[in-house]
Number of protein chains: 2
Amino acid sequence: MPTKTYHIGVEATMEIIGGKWKSIILCHLRHHAMRTGELARAIPQISQKMLTQQLRELEAANIVSRHVYKQVPPRVDYALTDYGESLSGILHELCVWGEDNIDRRQAAGEPITLMSRDDV
Amino acid sequence: MPTKTYHIGVEATMEIIGGKWKSIILCHLRHHAMRTGELARAIPQISQKMLTQQLRELEAANIVSRHVYKQVPPRVDYALTDYGESLSGILHELCVWGEDNIDRRQAAGEPITLMSRDDV
DNA sequence: TCTAATTATTACCTTTTGGTGGGTAGCGCA
DNA sequence: TGCGCTACCCACCAAAAGGTAATAATTAGA
């Protein structure tokens with residue numbers, strides 16, 4: 001079986017939080033567990049397909065846990081695992097740095113907006 | 001003109017350090033300025049095209065600076081700008097978290113290897 | 001005159017990622 | 001009977017990201 005080789009730690013991290021959606025999802029889950037629909041509303045640009053797909057991948061990496069309530073209509077929610085919590089500090093810093101980056105770019109006259117800050 | 005809209009800070013950060021290569025390049029530049037060929041050797045999997053393309057984008061975002069020496073054969077090096085340095089702490093944490101992630105997965109029996117740790 | 005050295009560009013192709021629109025399950029309620 | 005609610009899956013398509021290989025530019029030195 002082929003051994004997967006990384007050359008530097010950040011490669012492995014990015015495999016987990018990289019891509020267009022994962023870090024955004026995780027930043028939301030940082031505060032509290034959220035239901036599927038709740039996440040969808042918090043991230044209006046995401047499609048349902050992407051949302052569940054990314055959640056599945058985060059679950060496989062043991063970063064989020066999925067909790068199904070036995071109800072009809074169905075109720076499912078997602079939360080950071082204990083291991084996922086170990087990313088919390090980094091996620092926060094990524095948010096804050098991004099906010100600052102947006103401020104700078106605005107100050108420089110770029111036409112960009114930020115809808116909500118870290119702790120939605 | 002269309003105003004670019006972000007919904008959360010991390011989106012902007014990931015636009016800058018996301019993708020397969022940028023964070024790796026930045027982790028290397030964290031320690032000292034490096035020449036093109038030196039970076040290429042440090043990141044053996046990257047192609048020349050990707051290397052220069054990513055460096056151009058980082059330059060455009062004001063994260064790295066490009067310094068051309070008037071010599072033949074050409075000599076060019078890249079370094080973090082002052083603003084780029086503001087990412088240094090985050091980059092370091094991303095490296096360390098990834099190293100730990102790899103350790104865990106190894107301990108769990110996954111066939112993976114890490115070639116070199118943070119401070120190459 | 002020919003080659004080595006270093007950085008960078010271009011055209012072309014493959015892979016990965018993301019988006020759309022449809023459909024399912026199962027219970028409650030008008 | 002038929003619709004709404006919630007989560008989610010699938011087939012198909014479009015766009016973005018990344019990979020390969022060939023090529024340029026320039027000058028020292030064999």
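Here the structure is a predicted model, which means the values were calculated and not measured. Throughout, a chain's letter reflects where its sequence line sits, starting with A, and its residues are numbered from 1.
As a whole-Å value, the separation of A:Q54 CD from D:dC8 C1' is 15 Å. One can place CD1 of A:I46 at 10 Å from C1' of C:dG18, the figure rounded to the nearest angstrom. The separation between B:L51 atom CG and C:dA8 atom P is 8 Å, rounded to whole Å. Counting to the nearest Å, the C1' atom of D:dC8 and the CG atom of A:D77 are 16 Å from each other. Going from atom CG of B:L55 over to atom P of D:dG18 covers 13 Å, rounded to whole Å. Note: CE (B:M50) to C1' (C:dA11) measures 14 Å, nearest angstrom. In this structure, the CD atom of B:Q45 is 9 Å from the P atom of D:dG19, given to the nearest Å. Following rounding to the nearest Å, B:Q71 (CD) and D:dA25 (C1') show an atom-to-atom distance of 16 Å.
The phosphate of C:dT7 (OP1 or OP2) has no side-chain N or O of B:Y78 nearer than 4.0 angstrom.
Checked by atom type and distance alone, the side chain of B:E11 never pairs as donor or acceptor with a backbone atom of A:I24 at under 3.5 Å. Looking at B:S116, its side chain does come within 3.5 Å of a backbone N or O of A:H7 through a donor-acceptor pair. A donor-acceptor contact shorter than 3.5 Å links the side chain of A:E38 to the backbone of A:R35. Between the side chain of B:T81 and the main chain of B:I63, a donor-acceptor pair closer than 3.5 Å is present.
Taking every heavy atom of residues 17-26 of chain B and every atom of DNA chain D, pairs under 4.0 Å involve B:G19, B:K20, B:W21, by number. Contacts between residues 34-43 of chain B and DNA chain C, defined by a heavy-atom separation below 4.0 Å, involve B:R35, B:T36, B:G37, listed by number.
Linking ILVMFWY side-chain heavy atoms closer than 4.5 Å, directly or via other members, places A:V10 and B:I102 in two distinct hydrophobic clusters.
Residues passing the side-chain hydrogen bond (donor to acceptor under 3.5 Å, both in side chains) test with B:E57, sequence neighbours excluded: B:K22. Legend: residues meeting side-chain hydrogen bond (donor to acceptor under 3.5 Å, both in side chains) with A:S88, ordered by chain and number and at least two apart, are A:R30. The salt bridge (Lys or Arg N to Asp or Glu O under 4.0 Å) check on B:R104 picks up B:D100, with sequence neighbours excluded. Under the rule for a salt bridge (Lys or Arg N to Asp or Glu O under 4.0 Å), the partners of B:E110 that lie at least two apart in sequence or sit in another chain are B:R105. Applying the side-chain hydrogen bond (donor to acceptor under 3.5 Å, both in side chains) criterion to A:N62, with sequence neighbours excluded, gives no partner residue. Residues meeting the salt bridge (Lys or Arg N to Asp or Glu O under 4.0 Å) test with B:E15, sequence neighbours left out: B:K4. Listed by chain and number, the residues in a side-chain hydrogen bond (donor to acceptor under 3.5 Å, both in side chains) with A:D103 are A:R117 (sequence neighbours excluded). A search for side chain to side chain contact (heavy atoms under 4.5 Å, CB included) contacts involving A:R66 returns A:R56, A:E59, A:V68, A:V76, A:Y78, not counting sequence neighbours.
Atom-to-atom distance recorded for A:I16:CD1 and B:L94:CG is 11.5 Å, nearest 0.5 angstrom.
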Filtered N/O pairs between nucleotides 9-13 of chain D and protein, under 3.5 Å:
{"residue": "D:dC9", "atom": "OP1", "partner": "A:R56", "partner atom": "NH2", "Å": "3.2"}

request  = At under 4.0 Å between heavy atoms, which parts of nucleotides 24-30 of chain C does protein reach? Answer with one letter per nucleotide, 5' to 3': B base, S sugar-phosphate only, - none.
outcome  = --BS---
